[in-house]
Amino acid sequence: MDHLLFLIATGLARGAIFALFALSLVLIWRAARIINFAQGAMALVATYAAFAVTGMTGSYWAGLGAGILAGAAIGLGVERGLMRFTRDSHPLAGIIVAIGLVMVLQALLGIFFGQQHRPMHTPFSDSPLTVGGVPLLSPYDIFVLVVALAVMGGLALLFNRTSMGLQLRASAFSPEVSRVLGVRVSLMVTVGWMLSAAVAALAAMLLVPTELGLNPHSTDVLFVYAFTVAVVGGLDSPVGALLGGLVVGVAMTLVTGYLGATFAPIGVLVLLVVVLLVKPGGIFSMREARSA
């Protein structure tokens, strides 16, 4: 029972990161109706920026802030410099450009920084706290959970309680009508890309220190799992991203803890196939798909 509680607690912390990254994919889907396969590589570039700033300043928090800003800047550059030109072309054009961007970014990171794993340090201990003799979450896990929930709550307030959030939602759901009403739809799409890239960068910076370290492929697995979370929850559903992330995180940790790490990807694949067979739109998808 102690081992089970430890695995569930650890899975929640890991699932919060998956949920955060999946939310970034949902933001892009809602803003531009595209699955951004370059999201992981873009987040990785921002993580390298955070690593460099932390090395220069000696401050984790300065690096974290720089990484988030770098993520937003990368989102701006990719949308303005690449994706804007594919918006009215074939639906596959954006996907192909994103896959090409992945290869370019990973190659450039390998050229400039090498392929070795670089350790990233956390601001809090990663040793689990013991409650009643049962090891549960570490201080860093608690930090991850708090940050992830705070960001998700902040985005919910942004989209549901502010004028910009209303414009973002209107631009995503009905761009033609929004233009008639004076909303700058192209600007809102750019803001959506910037928000999405910043959230993805934050998720990557939270995960990488708990893995082998920073290298040009550190976010590959994160993207795969987060994409699974987004599909399972529903690409139109932020709530689905949150709940799906927690479910996948706990399921992965349980499978790893009892069957071994090699079975975790198989478990995720089985979950994805089952959901696609039973409810292809995702468990929390909208009842009717929008056309915009």
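Note: the hydrophobic cluster containing L206 also contains F124 (ILVMFWY, side chain heavy atoms under 4.5 Å, direct or indirect links). Both W29 and F18 belong to a common hydrophobic cluster when Ile, Leu, Val, Met, Phe, Trp and Tyr are linked at side-chain heavy-atom distances under 4.5 angstrom. Using a 4.5 Å cut-off between side-chain heavy atoms of Ile, Leu, Val, Met, Phe, Trp and Tyr, with links allowed through other members, V268 and F227 fall into the same hydrophobic cluster.
For L76, the side chain to side chain contact (heavy atoms under 4.5 Å, CB included) test picks out R80, T190, M194, with sequence neighbours left out. Residues that satisfy the ring-ring contact (aromatic ring centres under 6.0 Å, His included) test with Y140, not counting sequence neighbours, are F143. The ring-ring contact (aromatic ring centres under 6.0 Å, His included) check on Y48 picks up F113, with sequence neighbours excluded. The side-chain hydrogen bond (donor to acceptor under 3.5 Å, both in side chains) check on T10 picks up nothing, with sequence neighbours excluded. Under the rule for a side chain to side chain contact (heavy atoms under 4.5 Å, CB included), A52 has no partner lying at least two apart in sequence or in another chain. With sequence neighbours excluded, the residues forming a side chain to side chain contact (heavy atoms under 4.5 Å, CB included) with V177 are S174, L181, listed by chain and number. Residues that satisfy the ring-ring contact (aromatic ring centres under 6.0 Å, His included) test with F21, not counting sequence neighbours, are absent from this structure. The side chain to side chain contact (heavy atoms under 4.5 Å, CB included) check on V151 picks up L20, V147, L155, V199, L202, with sequence neighbours excluded.
Atom OG of S237 is separated from atom CG of L242 by 9.0 Å, given to the nearest 0.5 angstrom.
Residues L214 and H117 have side chains not in contact (no heavy-atom distance under 4.5 Å, counting atoms from C-beta outward). Side chains of I28 and I35 form no contact here, defined as non-hydrogen atoms less than 4.5 Å apart. In this structure the side chain of I68 reaches within 4.5 angstrom of the side chain of M205, judged on heavy atoms. Side-chain contact between D220 and Q106 is present, with at least one heavy-atom pair separated by less than 4.5 Å. Counting heavy atoms from C-beta on, the side chains of L129 and L137 never come closer than 4.5 Å.
Panel note: side chain S24, backbone Q39; no donor-acceptor pair is recorded below 3.5 Å. Not a single donor-acceptor pair under 3.5 Å links the side chain of T54 to the backbone N or O of F51.
Under the salt bridge (Lys or Arg N to Asp or Glu O under 4.0 Å) criterion, no residue pair touches residues 111-121, with sequence neighbours excluded. The list of salt bridge (Lys or Arg N to Asp or Glu O under 4.0 Å) pairs with a residue in residues 9-23, not counting sequence neighbours, reads R14-E211.
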Under 3.5 Å donor-acceptor pairs involving side-chain atoms of residues 162-170, not counting sequence neighbours:
{"from": "T162", "atom 1": "OG1", "to": "L158", "atom 2": "O", "distance (Å)": "2.4"}
{"from": "T162", "atom 1": "OG1", "to": "G165", "atom 2": "N", "distance (Å)": "3.0"}
{"from": "S163", "atom 1": "OG", "to": "Q167", "atom 2": "NE2", "distance (Å)": "3.4"}
{"from": "R169", "atom 1": "NE", "to": "F159", "atom 2": "O", "distance (Å)": "2.6"}
{"from": "R169", "atom 1": "NH2", "to": "F159", "atom 2": "O", "distance (Å)": "3.2"}

For residues 252-262, which side-chain donor-acceptor pairs fall under 3.5 Å, sequence neighbours excluded?
{"from": "T253", "atom 1": "OG1", "to": "G249", "atom 2": "O", "distance (Å)": "2.8"}
{"from": "T256", "atom 1": "OG1", "to": "M252", "atom 2": "O", "distance (Å)": "2.8"}

Please report the C-alpha distance between V273 and L269 in whole Å, then the side-chain angles of each, then the deciding distance to 0.1 Å, and finally whether the side chain to side chain contact (heavy atoms under 4.5 Å, CB included) criterion is met.
CA-CA 6 Å; V273 171; L269 177 61; 4.1 Å; yes
Report the C-alpha distance between V248 and L271 in whole Å, list the side-chain angles of each, state the deciding distance to 0.1 Å, and finish with yes or no for side chain to side chain contact (heavy atoms under 4.5 Å, CB included).
CA-CA 9 Å; V248 170; L271 176 63; 3.7 Å; yes
